[in-house]
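As the structure is a computational prediction, the values presented were derived from the model and not from experiment. Reckoned from all heavy atoms, side chains included, excluding hydrogens, waters and symmetry mates.
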Amino acid sequence: MSTTEPNQDAAVTDAAGTTDESTSNGPASAATDPPLTFADLGIDERVLKALHDVGYESPSPIQAATIPPLMSGNDVVGLAQTGTGKTAAFAVPILSRLDVSRRVPQALVLAPTRELALQVAEAFGKYATNIPGLHILPIYGGQAYGIQLSGLRKGAQIIVGTPGRVIDHLEKGTLDLSQLEYLVLDEADEMLKMGFQEDVERILADTPEYKQVALFSATMPPAIRKISKQYLHDPVEITVKTKTSTAPNITQRYVQVAHQRKLEALTRIFEVEEFEAMIMFVRTKQATEELAEKLRARGFSAAAINGDIVQAQRERTIGQLKSGAIDVLVATDVAARGLDVDRISHVINYDIPHDTESYVHRIGRTGRAGRAGEALLFVAPRERHLLKAIERATRQPITEMQLPSVDDVNAQRVTKFGDSITESLSSTNLGLFRKLIEDYEREHDVPLADIAAALAVQSRDGEEFLLKPEPPAPPRAAREPRERVPRKFDEDAANSHHRKTGQDMATYRIAVGKRHHVAPGAIVGAIANEGGLRRSDFGHISIRPDHSLVELPADLADETVEALRRTRISGVLIQLQPDFGPPGGRGGPRGGGKFSGPKGKDKRPRS
């Protein structure tokens, strides 16, 4: 199992201003004393070593409150936001109690999306590094069945999956949960929002009566409370309230920039922004080395620290940052934990963190000892939802910063050039060089201004002094006005989507509608999750009384169509099929494209 740099599962309070409170109605009381360590929680030594290796030092509040009751065999209901470390809260006890000698599914984790399923599986892999013979298998829509069937045949003990694909395997008889001992519902409220309630209950009904269940949710709506009462036995309820705040002396700004232009944006900011020392956060160990090397190539004194760098080297690098030998430190969250260097005036989130607590801990590296600090956040267009989450959690708006223009950078270069001349005028060597210049002027009859300009060119070592103006943006083609076709679902709607995305669309019919109480979000969530589609792959959605019409790409692979036929929304098989319009209409799915039927009957769209 591949491992990744830890991010959300190591939330630790520090001077950044984050406080956490946890409460429990059972034997697991909130443990917030600083001396508490993972070793105090009675977990398996092999898991303990893995936690130490990835840089975890002390449990977060949700971990401290949840691990003891799970280790004792209690069911648990945990109310906690994403980013509080709940993955480790349930993974560590499961790994500590699992019987590796039994090659059957013993633990099942249900997640609402394939992205979360993969993330949880990777976290299990990190914590299980020292447990030989353990197999962890993510199963989710959009992945070929062959890979999953192979993993099940090998005897995976831990299954992490999305509800739809888990039900598929149950119905095919390829997944046997009869010996399941541990069941986790992760982000249960999100699963219900996506229409998976009946799917979850269907899976729960297929599991043994006596098993340990952990349910994690950010909120406790009535449906979650119902599941808790019906399927959990006298659960310990744990609530973690995270109050995330940032120091008032830290100015927070963000720059919207595409990923491929981040380095260019960073270089411009370096030229116009006055800073003493800077720490820059990226997501992976490899990225620390790559970015530090690129910065050194551009003339900046930069170094990297990450989890692979030995402690002695790490201490030397931090010492260089403190002394001023280097000015830019590129780091991962774990490597920079606890870093306290007064001269850090700026923190740049080169890669935006996926959880809000990491953001608060990151920017807490500046503004130390009452000094003013600056925090910059790079946000790609697709990451704006993460920016909004940070603003909600910190209860503070983050001001947008316009990327310095070519004129801004050139003006700053001219100013610095003038400042360097003024500074050099006080040099003790000025007299010597003045005589040499005067001699050169008399000998070659060259004006002093030309000699000074030549020396300035010489100092640039062949590099351009001013940035060249940016080429004008190509003119945008006039967009055709979008026609609204109220309560009509035909090829005009598909054509409008084609104009926006450039892909051919076809209309499909699914067997759920208003009487099933489905919402567009549930349809998009289920189909995207099980079919491996993106939100941009969806066109119009029309929900009718007993069915719905959905625009999807016309070139869906046969295996994707087959998987979507077996997808459930609100517990109902959607039985996806092409929509050919009302009786007597033209043959073929509306909107264009082709659809291969289950028995090889190709049906051509109308053109």
Side-chain angles (χ1 to χ4, degrees), residues 253 255 257 261-280 290-304 316-330 341-348 350 366 371-374 376 401-472:
R253 294 173 291 168
V255 177
V257 58
R261 296 196 62 196
K262 280 184 179 181
L263 186 59
E264 177 193 343
L266 183 62
T267 305
R268 290 193 185 188
I269 290 171
F270 275 166
E271 294 227 34
V272 303
E273 194 84 13
E274 295 288 342
F275 69 93
E276 186 176 358
M278 177 182 295
I279 184 167
M280 194 172 309
E290 291 177 350
L291 184 55
E293 180 60 35
K294 289 175 181 177
L295 291 175
R296 287 194 293 267
R298 284 162 173 76
F300 302 105
S301 56
R316 281 195 297 271
T317 301
I318 294 174
Q320 291 175 320
L321 183 68
K322 289 180 177 179
S323 67
I326 61 173
D327 295 324
V328 181
L329 189 66
V330 187
V341 179
D342 285 344
R343 68 184 291 260
I344 294 176
S345 60
H346 285 62
V347 169
I348 291 187
Y350 192 82
T366 187
R371 303 173 68 185
E374 297 281 342
L376 298 178
M401 170 188 175
Q402 295 301 319
L403 191 64
S405 67
V406 169
D407 290 341
D408 294 333
V409 173
N410 288 340
Q412 189 68 17
R413 288 184 179 184
V414 170
T415 300
K416 289 181 178 179
F417 177 72
D419 292 342
S420 67
I421 294 175
T422 302
E423 184 178 351
S424 297
L425 287 174
S426 61
S427 172
T428 56
N429 291 322
L430 191 66
L432 170 64
F433 286 106
R434 180 188 296 113
K435 183 178 184 306
L436 292 175
I437 295 299
E438 290 171 347
D439 292 345
Y440 187 93
E441 179 193 20
R442 284 192 300 270
E443 183 177 346
H444 295 88
D445 192 24
V446 177
L448 283 173
D450 288 351
I451 298 174
L455 291 173
V457 170
Q458 190 178 53
S459 70
R460 295 295 299 174
D461 196 23
E463 294 182 2
E464 293 285 344
F465 178 65
L466 298 178
L467 290 180
K468 294 180 180 179
E470 294 177 326

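- If you take CG on Leu376 and CD on Glu273, they are separated by 6.0 Å, rounding to the nearest 0.5 Å.
- Counting heavy-atom neighbours within 6.0 Å of Asp445 CG, excluding the residue itself, gives a total of 12 or less.
- Counting only distance, with no hydrogens or angles, the side chain of Ser345 and the backbone of Ala277 share a donor-acceptor pair below 3.5 Å.
- We find the CD1-NZ distance between Ile344 and Lys322 to be 9.5 Å, quoted to the nearest 0.5 Å.
- Side-chain contact between Ile279 and Leu321 is absent, with no heavy atoms from C-beta onward closer than 4.5 Å.
- Among all heavy-atom pairs drawn from Val328 and Met280, the shortest one is CG1-CE, 3.8 Å.
- Of all non-hydrogen atoms in Ile326 and Thr317, the two that sit nearest each other are CD1-O, 3.7 Å.
- A distance of 5.0 Å separates CD1 in Ile348 from CZ in Phe270, rounded to the nearest 0.5 Å.
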*Begin from the C-alpha positions of Glu438 and Lys435 and carry the test salt bridge (charged side-chain N to carboxylate O under 4.0 Å, His left out) through to its verdict.*
CA-CA 5 Å; Glu438 290 171 347; Lys435 183 178 184 306; over 6 Å; no
*asked:* If you apply the rule side chain to side chain contact (heavy atoms under 4.5 Å, CB included), what do you find for Asp327 with Arg343, and how did you get there?
replied: CA-CA 9 Å; Asp327 295 324; Arg343 68 184 291 260; 3.0 Å; yes
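- With respect to the salt-bridge test (charged N to carboxylate O, under 4.0 angstrom), the residues Glu264 and Arg268 qualify.
- Considering every non-hydrogen atom in both Leu295 and Ala302, the closest pair reads CB-CB, 3.9 Å.
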*Before giving the answer on side chain to side chain contact (heavy atoms under 4.5 Å, CB included), spell out for Leu455 and Ile437 the whole-Å C-alpha distance, their side-chain angles and the decisive distance to 0.1 Å.*
CA-CA 10 Å; Leu455 291 173; Ile437 295 299; 3.8 Å; yes
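- The distance from the CG atom of Leu266 to the CD atom of Glu271 is 11.0 Å, given to the nearest 0.5 Å.
- The shortest heavy-atom contact between Lys294 and Leu263 is CD-CD2, 3.7 Å.
- Across every non-hydrogen atom of Ala325 and Ser301, the tightest pair is O-CB, 4.1 Å.
- Here the straight-line distance linking atom CG of Leu329 with atom CE of Met278 works out to 11.5 Å at 0.5 Å rounding.
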*Would you sort out whether Arg316 and Gln320 count as a side chain to side chain contact (heavy atoms under 4.5 Å, CB included), showing the intermediate values?*
CA-CA 6 Å; Arg316 281 195 297 271; Gln320 291 175 320; 5.5 Å; no
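- Remark: the backbone N or O of Gly418 is paired with a side-chain donor or acceptor of Thr422 at under 3.5 angstrom.
- How far CZ of Arg253 is from CD1 of Ile269: 8.0 Å, rounded to the nearest 0.5 Å.
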